[in-house]
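Written out below as structure tokens is the structure these notes cover.
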Amino acid sequence: MRGKMMTTPLTITEIMRFADRHHGRTEVVSITADQPLHRCTFNDVFRRARQLANALSRLGIAPGERVASLAWNDYRHLELYYGVACAGRVLHTVNPRLFAEQLVYIINHAEDRVLFFDVAFLPLVEALADKLSTVDAYVILTPADKLPGSSLSALQSYESLLEAETDEYQWPVLDENDANLLCYTSGTTGNPKGVLYSHRSTVLHAYASCMPDAMRLSQQDTVLPVVPMFHVNAWGTPYACAMIGAKMVLPGPKMADGETLQRLIEQEEVTIALGVPTVWLALLAYLRDSGKTVPSLERTVVGGAACPPSVMEEFEQKHGVRTHHAWGMTEMSPLGTVNSPLRGMESLSAAEKDAVRLKQGRGIFGVDMKIVGDDGEELPWDGEAFGNLKVKGWWVCDGYFGEDGNSGAHDEDGWFATGDVATIDPLGFMQITDRTKDVIKSGGEWISSIELENLAVAHPDVAEAAVIGISHEKWTERPLLIVVPEEGTSPDKAELVAWFKGKVADWWIPDDVVLVDELPHTATGKISKVMLRKQFADYSSQS
Ligand code: AMP
């Protein structure tokens with residue numbers, strides 16, 4: 001027997017409609033290329049989203065067609081999130097940090113019809129335009145009087161595009177499984193792959209991310225997403241904040257600028273900020289140097305890469321900010337786990353609490369996870385067994401855009417192989433030990449590069465560190481520690497190696513250390529182990 005309940009489709013149009021009526025006056029504060037600080041409300045964003053939807057019809061973009069954005073976090077990008085997707089088109093958020101060939105590949109692969117971009121990316125777009133075979137309109141996210149001269153013929157200003165339209169628009173009734181947003185993974189090998197989110201997956205992800213043991217979002221919060229809107233939709237905050245009515249603070253092009261972040265946090269009374277560890281290293285360094293503080297900030301959510309314990313400690317001890325480790329990926333919208341303490345954990349010793357905090361967290365209802373061995377058999381949740389981490393759930397992709405058949409990452413039961421290696425403890429806390437490709441295999445046993453990196457950055461003279469496996473005749477691979485020293489220091493290699501003694505098993509300790517000025521990073525701000533492995537391919541240990 002079927003239940004007799006309403007079956008309104010789960011679409012982000014419903015999030016927008018609700019926020020427009022119930023949280024309309026909630027503020028959205030942005031830094032943009034043309035404005036040092038812009039204030040508007042959700043009402044304004046959705047009014048302009050209706051104008052944008054009319055403009056898309058005028059530009060001849062058919063339902064289901066892709067509209068690209070190449071932009072930082074600000075209110076205009078937020079308008080694209082809703083205006084494009086609620087009008088039944090698909091927003092393709094493009095990561096400007098990708099290499100030129102990758103940008104051309106993904107824009108052509110997505111068959112984007114129009115490209116909306118920040119003025120700072122004009123030289124990049126001009127250089128690529130000849131190779132973009134499907135784009136026939138270019139829109140700069142700026143007013144007409146700030147439109148720069150350009151070699152692009154079909155160039156127009158976003159503000160004049162909107163001004164020409166009425167703010168009356170009848171949003172179409174969409175199927176909840178229709179696509180709303182497309183985001184390509186940076187892909188360490190081969191071409192990037194497109195993850196195509198649906199309205200339904202996005203709504204369910206937004207619900208889950210607000211839950212108390214996930215991001216605990218409320219209308220009382222002021223949220224600073226320092227995660228880009230071009231990378232996994234800023235971890236879903238544009239939807240979660242509208243759903244819950246939380247104020248948004250969007251830092252525009254000033255994402256990794258400690259001074260701007262501190263100012264925004266203080267001035268706008270930010271309560272929760274989200275970002276990758278690199279961003280927090282920049283903020284904490286600025287706070288240290290300037291003596292400034294972040295009094296309103298209650299918590300940070302850190303993910304995208306393992307958060308060094310030193311970052312958590314400094315946030316908590318110096319600034320009273322709690323750090324929640326979170327884990328996920330583009331294919332997962334992105335949330336998989338969040339680290340929130342369990343009941344009874346208050347009585348743990350400081351060292352025990354630290355050990356738990358380092359883990360990537362527990363599952364959120366909506367995504368299930370398991371670890372399996374190389375034979376595919378599930379491994380126990382004992383906190384010891386390392387295995388390939390697989391997930392299944394409502395906001396996990398079941399394939400890639402434009403690809404038919406099995407992705408290779410999905411098994412016959414539908415579980416998706418994340419490419420991460422992890423342990424899960426008896427309380428359900430998952431800990432990432434490596435990417436499958438980054439794991440170091442020494443004498444047939446696995447060494448966690450993340451654990452060694454975490455220990456290395458806790459050394460006072462180490463600013464950033466990476467550990468890779470280098471080939472070794474006897475052991476197959478041995479760990480090599482690559483270190484960027486803190487400014488003004490030149491740590492002694494033997495002393496760095498000795499630092500690990502007693503902290504990990506002796507056979508895990510790196511045999512050698514290399515000091516470098518900087519480490520290579522990927523388009524999403526993570527240390528590029530692929531580049532490092534290439535760079536040190538012929539390295540032979542000094543010891
Ligand atoms: P992306 O799809 O670019 O967001 O990258 C996802 C990958 O980032 C995951 O598969 C992990 O390897 C890594 N990652 C994300 N969050 C964490 C975390 N908290 N700790 C360690 N690695 C993480």
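Residue numbers start at 1 and run along the sequence shown. Only heavy atoms go into these numbers, but all of them, side chains included; no hydrogens, no water, no symmetry mates.
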N/O donor-acceptor pairs under 3.5 Å from side chains in residues 380-391, not counting sequence neighbours:
| from | atom 1 | to | atom 2 | distance (Å) |
| --- | --- | --- | --- | --- |
| Asp382 | OD1 | Glu384 | N | 2.8 |
| Asp382 | OD1 | Ala385 | N | 2.8 |
| Lys390 | NZ | Asp411 | OD2 | 3.0 |

Got a donor-acceptor contact below 3.5 angstrom from the [X] side chain to the [Y] backbone?
| X | Y | result |
| --- | --- | --- |
| Arg322 | Phe315 | no |
| His324 | Asn339 | yes |
| Gln431 | Thr423 | no |
| Ser69 | Ala71 | no |
| Asp74 | Gly252 | no |

Find the distance between [atom1] ([X]) and [atom2] ([Y]) and round it off to the nearest 0.5 Å.
| X | Y | atom1 | atom2 | answer |
| --- | --- | --- | --- | --- |
| Ser310 | Asn454 | OG | CG | 8.0 Å |
| Thr271 | Leu217 | OG1 | CG | 8.5 Å |
| Ile432 | His325 | CD1 | NE2 | 9.0 Å |
| Ile482 | Ile470 | CD1 | CD1 | 8.5 Å |
| Leu182 | Thr93 | CG | OG1 | 7.0 Å |
| Leu224 | Glu268 | CG | CD | 10.0 Å |

Evaluate whether atom [atom1] of [X] has more than 12 neighbouring non-hydrogen atoms of other residues, nucleotides or ligands under 6.0 angstrom away.
| X | atom1 | result |
| --- | --- | --- |
| Asp517 | CG | no |
| Glu269 | CD | no |
| Lys254 | NZ | no |

Item to check | Pair Leu335-Trp235, side-chain contact (heavy atoms from CB on, under 4.5 Å): steps then yes or no | outcome: CA-CA 7 Å; Leu335 269 192; Trp235 297 355; 5.9 Å; no
Can we call the ring centroids of His109 and Phe401 under 6.0 Å apart?
-> yes
Any donor-acceptor pair under 3.5 Å linking the side-chain atoms of [Y] with those of [X]?
| X | Y | answer |
| --- | --- | --- |
| Asn180 | Thr202 | yes |
| Ser407 | Lys193 | no |
| Tyr239 | Asn233 | no |

Aromatic ring pairing Phe416/His410, orientation class (parallel under 30°, perpendicular over 60°, tilted between): tilted
Determine the minimum heavy-atom distance between [X] and [Y], stating which atoms define it.
| X | Y | answer |
| --- | --- | --- |
| Ser209 | Ala214 | O-CB, 3.6 Å |
| Tyr105 | Pro192 | CE2-O, 3.6 Å |
| Met531 | Ser528 | CG-OG, 2.8 Å |
| Ser218 | Ala246 | O-CB, 3.5 Å |
| Ile371 | Ala422 | CG2-O, 3.5 Å |
| Val232 | Cys183 | N-SG, 3.4 Å |

Are the side chains of [X] and [Y] in touch, meaning some heavy atoms are under 4.5 Å apart?
| X | Y | answer |
| --- | --- | --- |
| Ile468 | Ser449 | no |
| Val484 | Val516 | yes |
| Asp368 | Trp415 | yes |
| Pro460 | Trp499 | yes |
| Arg357 | Pro341 | no |
| Tyr539 | Val514 | yes |
| Val29 | Gln267 | no |
| Arg435 | Val421 | no |

Tested for ring-ring contact (aromatic ring centres under 6.0 Å, His included) against Phe365, the lone hit among Tyr207, Trp394, Trp395 is Trp394
Show your reasoning for whether side-chain contact (heavy atoms from CB on, under 4.5 Å) applies to Asn191 and Gln102. CA-CA 7 Å; Asn191 283 323; Gln102 287 178 316; over 6 Å; no
Which of Lys529, Glu453, Glu451 passes side chain to side chain contact (heavy atoms under 4.5 Å, CB included) with Val467? It is Glu453
Lys/Arg-Asp/Glu bridge criterion (N-O < 4.0 Å) met for [X], [Y]:
| X | Y | result |
| --- | --- | --- |
| Asp221 | Arg299 | yes |
| Lys353 | Glu316 | no |
| Asp213 | Arg362 | no |

| said: Evaluate Phe99 against Val104 for side-chain contact (heavy atoms from CB on, under 4.5 Å), listing each step before the verdict. | reply: CA-CA 9 Å; Phe99 295 121; Val104 170; over 6 Å; no
Evaluate side-chain contact (heavy atoms from CB on, under 4.5 Å) for Ile272 paired with Arg216, printing each intermediate quantity in order.
CA-CA 10 Å; Ile272 170 171; Arg216 196 168 20 102; over 6 Å; no
Enumerate donor-acceptor pairs with a distance under 3.5 Å from any side-chain N or O in residues 278-295 to protein atoms, sequence neighbours excluded.
| from | atom 1 | to | atom 2 | distance (Å) |
| --- | --- | --- | --- | --- |
| Trp280 | NE1 | Gly275 | O | 3.2 |
| Arg288 | NE | Glu314 | OE2 | 2.8 |
| Arg288 | NH2 | Glu314 | OE1 | 3.3 |
| Ser290 | OG | Tyr286 | O | 2.8 |
| Ser290 | OG | Lys292 | N | 3.1 |

